[in-house]
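Note sheet for the following structure.
The residues of the chain are indexed from 1 along the displayed sequence.
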Amino acid sequence: TYRSDDLHRTHPLRPLLAELGRVDWVTRIELGRLTRADTNELVARITGRTPREDAARAVYRRTEGNPLFVEALIGDGEADSGLPESLRDLLIAGVRRLPEPTQDVVRIASAAGDQVGHALLAVVTGLEDTALASALRPAVAANVLLTGSGGYSFRHALIREAVHDELLPGERGGVHGRFARAIEGDPLLVPPGRAAVERAYHWHAAMDPAWALISAWQAAAESSRALAYAEQLAMLSRVLELWDRVPDAADRIGADHVAVLEAAIDAAELAGEYDRGVALATGALKEVDPGAEPVRAALLHSSRGHLAKVAG
């Protein structure tokens with residue numbers, strides 16, 4: 001038996017496997033990653049109880065159905081928080097064997113998210129195409145990074161998380177800021193329709209409240225146009241979360257706090273988050289003076305009543 005994830009391109013086992021594949025009486029059995037249901041069952045067997053829906057979702061999202069990672073996270077009680085040291089050492093071991101210039105680029109790539117395009121990574125690292133390819137080649141050969149159409153992704157999301165955690169606090173904010181500015185300078189560096197959402201992610205990770213708020217508001221509009229209402233609601237929720245940290249928030253986005261709440265109410269309804277919509281409408285009504293804005297108050301009451309009825 002062997003772990004296919006560990007078979008980098010120069011692994012000595014590869015020639016043997018190729019030879020065995022030509023032998024008629026050899027049967028090769030490949031075990032894929034666990035499904036969501038299988039992951040839930042494994043968690044239940046480890047813990048002795050059925051996992052909560054949010055915890056089960058977090059485990060599957062982070063482990064991507066890898067049973068070794070599921071056992072490590074659950075066994076350490078870290079289903080939705082930091083990585084256990086034992087698992088972190090396992091995940092990062094392959095990265096630490098890479099040449100130092102490669103490690104530097106891999107650390108920057110970890111800030112990009114699930115996938116990063118070659119052109120975007122070149123801008124952020126400041127390397128020319130040839131130099132960037134030379135730096136990345138050992139990471140691809142070691143199976144730390146996977147290549148796709150025009151870009152790179154980590155072999156597993158938890159590897160990206162472990163590498164990203166190794167960035168120093170100041171370094172982390174600086175890298176995310178460079179990604180945000182690069183995308184702002186050339187939106188074509190990311191897939192069509194994703195520029196605002198990607199900028200919002202990076203400004204938030206860079207811990208810049210003002211730009212995080214502005215970009216989240218812009219991303220909400222972009223998500224609405226794409227009919228991605230759950231994402232729109234998430235972006236509007238971020239605007240609301242950051243509101244008190246940006247003194248001139250209303251001037252920066254051209255909308256007051258109640259207007260943001262109203263947009264979030266509509267997004268919640270379209271996303272099927274009816275209870276969330278009721279809570280948002282209740283919050284908005286506390287900020288509206290019925291005497292000064294009777295129509296606005298009436299519309300909010302109507303929305304809240306409708307959402308409460310739909311929510312049952």
* **Under 3.5 Å donor-acceptor, S223 side chain and A219 backbone** => yes
* To do: Say whether E161 and H156, considering side chains only, have a donor N or O and an acceptor N or O under 3.5 Å apart.
  => no
* Taking everything shown except R137 itself, do over 12 heavy atoms lie less than 6.0 Å from its CZ? -> no
* If you measure from CD on E166 to CG on L91, what distance do you get to the nearest 0.5 Å? -> 10.5 Å
* To do: Please work out which of the three classes, parallel, tilted or perpendicular, describes the rings of Y152 and H118, given edges at 30° and 60°.
  => tilted
* Structure fact -> side chain to side chain donor-acceptor pair (under 3.5 Å) test vs R199 passes for just one of E184, H204, E222, Q218, namely Q218
* To do: Considering only NZ, NE, NH1 and NH2 on the basic side and carboxylate oxygens on the acidic side, decide whether E100 and R107 come within less than 4.0 Å.
  => yes
* Please report the shortest heavy-atom distance between Q232 and A220, naming the atom on each side. => CG-O, 3.4 Å
* Asked: For L87 and F69, which heavy atoms make the closest approach, and how far apart are they?
  -> CD1-CD2, 3.6 Å
* **Closest approach of A135 to T102 (non-hydrogen atoms, all atoms of both residues)** => O-OG1, 2.6 Å
* **Neighbour count >12 (heavy atoms, 6.0 Å) for atom CG, D114** => no
* Asked: Hey, is E231 close enough to R194 for a salt bridge, meaning N to O under 4.0 Å?
  -> yes
* At what distance, to the nearest 0.5 angstrom, does CD1 of I92 lie from CG of D165? -> 8.5 Å
* Asked: Are Y201 and V197 co-members of a hydrophobic cluster defined by side-chain heavy atoms under 4.5 Å apart?
  -> no
* For the hydrophobic clusters of this structure (ILVMFWY residues joined by side-chain heavy atoms under 4.5 Å, transitively), does one cluster hold both F179 and L132? -> yes
* Carefully, step by step, assess K309 and H306 under the rule side-chain contact (heavy atoms from CB on, under 4.5 Å). => CA-CA 5 Å; K309 182 179 179 180; H306 168 68; 5.7 Å; no
* Taking all atoms of both residues into account, what is the closest heavy-atom pair of I253 and I214, and its distance? -> CG2-CA, 4.3 Å
* Structure fact -> In this structure, CH2 of W243 is separated from NE2 of H257 (nearest 0.5 Å) by 6.5 Å
* Is there a donor in the side chain of T125 and an acceptor in the side chain of R178, or the other way round, less than 3.5 Å apart? -> no
* Would V26 and L13 show up in the same hydrophobic cluster when neighbours are defined by side-chain heavy atoms closer than 4.5 Å? -> yes
* Asked: Can you check whether R96's main-chain N or O pairs, donor with acceptor, with Q103's side chain at less than 3.5 Å?
  -> yes
* Asked: Considering all heavy atoms of both residues, which atom of L300 and which atom of A281 are nearest to each other, and what is their separation?
  -> O-CB, 4.2 Å
* To do: Run the salt-bridge test on E241 and R238 with the 4.0 Å N-O cut-off and return the result as yes or no.
  => no
* **Y60 vs L34, side-chain contact (heavy atoms from CB on, under 4.5 Å): CA-CA, chis, key distance, verdict** => CA-CA 9 Å; Y60 187 70; L34 300 179; 5.7 Å; no
* Asked: So, are D256 and R296 salt-bridged, with charged N and O less than 4.0 Å apart?
  -> yes
* Asked: Could you state the interatomic distance from CZ (R172) to CG (L167), rounded to the nearest 0.5 Å?
  -> 6.0 Å
* Asked: Where do I183 and A195 come nearest, in terms of heavy atoms and distance?
  -> CG2-O, 3.8 Å
* Asked: Taking atom CG of D38 and atom CZ of R36, what is their separation to the nearest 0.5 Å?
  -> 12.0 Å
* Asked: Are H176 and W203 an aromatic pair by the rule of ring centers under 6.0 Å?
  -> no
* Could you go through the side-chain contact (heavy atoms from CB on, under 4.5 Å) check for D186 and V123 one step at a time? => CA-CA 10 Å; D186 185 359; V123 172; over 6 Å; no
* Quick one: CZ on R160 to OG on S110, what's the gap to the nearest 0.5 Å? -> 6.5 Å
* To do: Please lay out, stage by stage, how L136 and L121 fare under the test side-chain contact (heavy atoms from CB on, under 4.5 Å).
  => CA-CA 11 Å; L136 288 170; L121 194 56; 3.9 Å; yes
